[in-house]
Amino acid sequence: MKSSAPGKVILFGEHAVVYNRPALAVPVNQVCVDVEVLDSDSAGVFIDAPMVNLHGELSALPPDHAIGSVILNLFQRLNISAPPALNINIVSSIPVAAGLGSGAAVSVALIRALSAHLKNPLPDEQVNDLVFEIEKLHHGTPSGIDNTVITYNQPVYFIKGQPIETFKTGKPFTIVIGDTGIPAPTKESVGDVRRLWIKNNNAFENIFNEIAQLSLIARRSIESGKPELLGELMNQNHELLQQLTVSSPELDRLVTAAKTAGALGAKLSGGGRGGNMIAFVEKESAESVAQALLSAGAKRTIVTEVG
Ligand code: PMV
């Protein structure tokens, strides 16, 4: 049985989303995880996942292993105490710890392929639920935005704990993603924001409210086919993220380089202090903005069309 899941990028609202404000995220289908589950002749569950140098038996992995724990959690959910002999092959083109949702994408594709192979395919809601439980094991207090956008593979207007709202794009638009190549320490940046929020509660609540407004206006602009506004909204969101202390010199450099090369706006995306930034561009200038990002030190760029 085979399954595939896309990467994702947060357009607006990261960090504020942890404090129940809305955020917007979209799937990135230029990168993905493919999982194949096959019956095996030899006993045990053998996993091959070259992107994390994993070639071995499930039983030999520590219980908190990122991939092993997905499989064990699924067996538990399906009441499987003696798993059949399996070969699981995982191939991913999503860079790890870059803010593109690689962990959630592995979990989604793995749960879908494995549950279908075990003749008990889980509906989206249960896949999403289970992946969120697994995200909590590894990331502390995630908002749930990654697992949601990747499970549903659609643009999502996400508010923690509320029913899932996907939305349509009135007119397609182009985003360039630039990767600093520095692993995004999301757990650490989320923890630091929490400490600062406790100390400067009013100021941080105000910043979160301003970010929430931007997410709301961005959603309306996208839905009504007026994405032109997104550039300015991204610039404002980036400034607010700087105030939350989650930008970095490398991210700021890429944001400036994108704008100098003609992007209509840019911001960091995801946990910050590393990982990715995104730039909103006219389709025609996507390649020159991507080139400028590489010249300014980006390790990788992805051009993606939303909608
Ligand atoms: O670094 P990423 O792309 O996984 O995004 C983290 C987004 C935060 O809002 C900072 C945390 C969260 O759980 O939503």
Side-chain angles (χ1 to χ4, degrees), residues 5-28 30-31 33 66 92 94-108 128-129 131-152 155-162 164-165 175 177-197 204 207-212 214-215 218 234 237-238 240-248 250-251 254 267-278 300 302 304:
K8 74 96 214 330
V9 77
I10 296 180
L11 296 183
F12 293 94
E14 51 275 274
H15 287 285
V17 70
V18 176
Y19 300 82
N20 305 310
R21 276 34 171 225
L24 299 189
V26 294
V28 175
Q30 281 76 5
V31 286
V33 174
S92 175
I94 308 179
V96 175
L100 289 169
S102 65
V106 167
S107 300
V108 168
N128 193 29
D129 207 52
V131 178
F132 185 46
E133 291 308 310
I134 292 158
E135 292 277 290
K136 281 197 247 179
L137 292 178
H138 303 301
H139 302 296
T141 55
S143 62
I145 191 167
D146 278 26
N147 47 282
T148 305
V149 67
I150 290 170
T151 300
Y152 292 91
V156 169
Y157 180 81
F158 181 85
I159 304 177
K160 207 167 98 179
Q162 297 212 1
I164 287 133
E165 274 187 72
I175 296 280
I177 302 169
D179 185 354
T180 59
I182 300 165
T186 298
K187 200 171 173 178
E188 185 187 301
S189 60
V190 169
D192 287 351
V193 170
R194 182 164 297 275
R195 276 184 284 280
L196 290 167
W197 170 72
F204 269 55
I207 297 173
F208 296 150
N209 286 339
E210 285 187 57
I211 294 175
L214 298 178
S215 293
M234 280 188 189
N237 197 164
H238 187 68
L240 293 164
L241 287 161
Q242 285 174 323
Q243 292 176 30
L244 294 180
T245 75
V246 296
S247 193
S248 68
E250 295 79 9
L251 285 163
L254 295 187
K267 65 182 276 292
L268 72 86
S269 172
R273 299 196 183 152
N276 281 297
M277 49 71 67
I278 55 173
R300 181 187 304 108
I302 299 171
T304 184

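As the structure lists them, so they are numbered: ligands from 1, and atoms in each ligand from 1. Quantities reported herein were computed from a predicted structural model and do not represent experimental measurements. The analysis underlying the following values was restricted to heavy atoms, covering all of them including side chains, and did not include hydrogens, waters or symmetry mates.
Counting heavy atoms from C-beta outward, Val149 and Phe158 have side chains that stay 4.5 Å or more apart. Within the 4.5 Å cutoff, the side chain of Ile211 has heavy atoms near those of the Leu244 side chain. Contact of the Thr180 side chain with the Met277 side chain is not registered, since no non-hydrogen atoms from C-beta on lie closer than 4.5 Å. Looking at Asn128 and Ile164, their side chains come closer than 4.5 Å, going by heavy atoms from C-beta outward.
Scanning all heavy atoms of the two residues, the minimum distance from Pro155 to Val26 falls at CB-CG1, 3.9 Å. Counting all heavy atoms, side chain and backbone alike, Val246 lies closest to Leu268 at O-CD2, 3.7 Å.
Residue Asp146 approaches ligand 1 through these ligand atoms, each under 4.0 Å from one of its heavy atoms: 4 (O). Proximity to His15 (heavy-atom distance under 4.0 Å) selects the following atoms of ligand 1: 8 (C), 9 (O), 10 (C). Taking a cut-off of under 4.0 Å to the non-hydrogen atoms of Glu14, the atoms of ligand 1 that pass are 9 (O). Close contacts of ligand 1 with Val17, meaning ligand atoms under 4.0 Å from a residue heavy atom, involve 9 (O), 14 (O). Taking every non-hydrogen atom of Pro142 and a distance limit under 4.0 Å, the qualifying atoms of ligand 1 come out as 13 (O). Those atoms of ligand 1 with a heavy atom of Gly271 less than 4.0 angstrom away are 1 (O), 2 (P), 5 (O), 6 (C), 10 (C). For ligand 1, the atoms sitting less than 4.0 Å from at least one non-hydrogen atom of Thr186 are 1 (O), 6 (C), numbered in the order shown with element in parentheses.
Within the 3.5 Å criterion, the main-chain N or O of Pro22 finds a donor-acceptor partner in the side chain of Ser215.
For Ser143, heavy-atom contacts with ligand 1 shorter than 4.0 Å involve the backbone as well as the side chain. Residue contacts with ligand 1, taken as heavy atom pairs separated by less than 4.0 Å, involve Ile10 solely via side-chain atoms from C-beta onward.
Ranked by closest heavy atom to atom 11 (C) of ligand 1, the top entry among Val18, Leu244, Val9 is Val18.
For atom 3 (O) of ligand 1, the closest non-hydrogen atom on the protein side is Lys8 NZ, 2.7 Å.
Ring geometry for Phe208 versus Tyr19: interplanar angle under 30°, hence parallel rather than tilted (30 to 60°).
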